Number of protein chains: 2
Amino acid sequence: MVSLVTRGEPHSFAECNQAAVPVADILSRIGGKWMIYVIMALTRGPMRFSDLRRQVDGISQKMLTQTLRDLEEDGLVTRKVTPIIPPRVDYELTEIGMELRGPLAAIAEWTERNGDAIAASRARYAAERGAA
Amino acid sequence: MVSLVTRGEPHSFAECNQAAVPVADILSRIGGKWMIYVIMALTRGPMRFSDLRRQVDGISQKMLTQTLRDLEEDGLVTRKVTPIIPPRVDYELTEIGMELRGPLAAIAEWTERNGDAIAASRARYAAERGAA
DNA sequence: CGGAATCCTTCACGATACTG
DNA sequence: CAGTATCGTGAAGGATTCCG
């Protein structure tokens with residue numbers, strides 16, 4: 001893995017990209033529109049589909065399903081079906097899903113800490129480049 | 001800011017989304033195809049455009065330009081033009097750009113630690129759902 | 001209730017050509 | 001060298017409808 005922190009010998013970009021699962025692969029999933037909100041909601045504990053849909057404001061049924069499928073595929077959530085009528089399906093964060101919350105919180109804290117600077121930078125950029 | 005870690009009172013999803021810069025906004029940028037590789041390359045220090053293009057294998061000129069513009073817009077990199085012929089443009093991580101490396105490294109470490117489990121989960125998922 | 005299926009729009013990204 | 005401009009494609013996401 002290429003370090004993001006240290007400055008050492010030049011590493012091959014491909015070296016990092018050839019792991020079992022590339023970091024960029026995970027980032028692209030996390031970077032999806034709803035992933036973080038679903039994980040946030042599940043942080044409070046197991047939750048039913050309809051509860052999740054209420055918690056994550058604005059998400060469509062399709063996108064909630066798809067996001068949960070992606071999370072399930074990667075082993076970040078479990079899906080437990082209770083075959084009653086009407087059906088009941090509960091989703092819960094797995095152990096590695098729980099462990100992802102730390103890194104995500106680190107991003108969130110960075111964003112919160114630098115939000116004003118970023119907004120200012122964007123405004124300045126828009127004023128300079130947007131005017132031209 | 002809604003905590004990603006603690007389990008407390010239910011927070012409004014919108015509460016987290018109404019910061020100066022939403023976390024999902026940053027995540028979507030980080031989740032772009034090239035952002036992390038460009039940041040990784042710049043971790044080694046300031047770099048010229050053409051050097052960056054060589055370091056980040058497979059990136060097109062267009063995407064490198066666009067990624068650098070996005071980073072510049074958010075104040076994560078500086079762009080220094082030396083008006084000579086041929087032109088010389090150097091890019092360098094800013095302070096907050098440097099500070100983002102930590103959170104990114106946390107994601108990278110999580111990915112490395114759980115890569116095998118994720119790959120296994122994906123294979124199992126494909127075998128079950130893919131066959132059906 | 002918890003989906004699946006379909007259609008549609010927008011956008012990210014790639015390829016190519018041209019320029020100061 | 002370091003871009004900008006243009007075009008084309010696939011994927012992401014939204015709205016709607018139907019189902020066990």
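Chain identifiers are assigned alphabetically (A, B, ...) following the order of the sequence lines, protein sequences preceding nucleic acid strands; residue numbering begins at 1 within each chain. Just the heavy atoms: all of them, side chains too, but no hydrogens, waters or symmetry mates, feed the values below. Quick caveat, the model's predicted, so the values are computed rather than measured.
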Donor-acceptor pairs under 3.5 angstrom involving side-chain atoms of residues 114-123 of chain A: please list them, not counting sequence neighbours.
from     : atom 1 : to       : atom 2 : distance (Å)
A:Asn114 : ND2    : A:Trp110 : O      : 2.9
A:Ser121 : OG     : B:Glu73  : O      : 2.8
A:Ser121 : OG     : B:Gly75  : N      : 3.0
A:Arg122 : NE     : B:Asp74  : OD1    : 2.6
A:Arg122 : NH2    : B:Asp25  : OD1    : 3.0
A:Arg122 : NH2    : B:Asp74  : OD1    : 3.3
A:Arg122 : NH2    : B:Asp74  : OD2    : 3.2

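- A:Arg29 comes within 4.0 angstrom of nothing in the nucleic acid, heavy atoms only.
- Protein atom CZ of B:Arg88 is 19 Å distant from nucleotide atom C1' of C:dG20, rounded to whole Å.
- Counting only heavy atoms from C-beta on, B:Tyr91 has its side chain closest to D:dG3 among D:dT4, C:dA4, D:dG3.
- To the nearest angstrom, P of C:dC11 lies 14 Å from CG of B:Asp70.
- Side-chain contact between A:Ile39 and A:Leu104 is present, with at least one heavy-atom pair separated by less than 4.5 Å.
- Residues meeting the side chain to side chain contact (heavy atoms under 4.5 Å, CB included) test with B:Thr94, sequence neighbours left out: B:Thr78, B:Ile96.
- For DNA chain C, the residues of residues 75-86 of chain A within the heavy-atom distance limit of 4.0 Å (strictly under) are A:Arg79, A:Pro86, sorted by number.
- Considering only heavy atoms from C-beta on, B:Tyr125 comes within 4.5 Å of A:Arg69 through its side chain.
- Listed by chain and number, the residues in a salt bridge (charged side-chain N to carboxylate O under 4.0 Å, His left out) with A:Arg54 are A:Asp51 (sequence neighbours excluded).
- Remark: A:Thr65 pairs with A:Gln61 by the side-chain hydrogen bond (donor to acceptor under 3.5 Å, both in side chains) rule, at least two apart or across chains.
- By the side-chain hydrogen bond (donor to acceptor under 3.5 Å, both in side chains) test, B:Ser60 is found to be paired with no residue, residues two or more places apart in sequence or in another chain being considered.
- The shortest distance between the side-chain N/O atoms of A:Ser50 and the OP1/OP2 oxygens of C:dG2 is below 4.0 Å.
- Here the P atom of nucleotide D:dA2 and the CG atom of B:Leu64 are 10 Å apart, to the nearest Å.
- Contact of the B:Met35 side chain with the B:Arg29 side chain is registered, since non-hydrogen atoms from C-beta on lie closer than 4.5 Å.
- Look at CG on B:Leu68: it is 11 Å from P on D:dT4, rounded to the nearest Å.
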Nucleotides 8-20 of chain D: protein proximity per nucleotide (B base, S sugar-phosphate only, - neither; heavy atom, under 4.0 Å) | -----BBB----B
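- Taking atom CG of residue B:Leu52 and atom C1' of nucleotide D:dA2, one finds them 12 Å apart after rounding to whole Å.
- Among the protein residues, B:Arg53 comes within range of no part of the nucleic acid, since none of its heavy atoms lies under 4.0 Å from any strand.
- Between the two ends of the helix from C:dC1-D:dG20 to C:dG20-D:dC1, each summarised by a five-pair axis, the helix axis turns through 40° (rounded to 10 degrees).
- In this structure, the side-chain hydrogen bond (donor to acceptor under 3.5 Å, both in side chains) partners of B:Asp90, at least two apart in sequence or on a different chain, are B:Arg88.
- Qualifying side chain to side chain contact (heavy atoms under 4.5 Å, CB included) partners for A:Ala106, counting only residues two or more places apart in sequence or in other chains: B:Pro103.
- The shortest distance between the side-chain N/O atoms of A:Arg48 and the OP1/OP2 oxygens of C:dG2 is below 4.0 Å.
- The shortest distance between the side-chain N/O atoms of A:Arg69 and the OP1/OP2 oxygens of C:dG3 is below 4.0 Å.
- Taking B:Arg79 as the reference, B:Tyr91 meet the side-chain hydrogen bond (donor to acceptor under 3.5 Å, both in side chains) condition, with sequence neighbours excluded.
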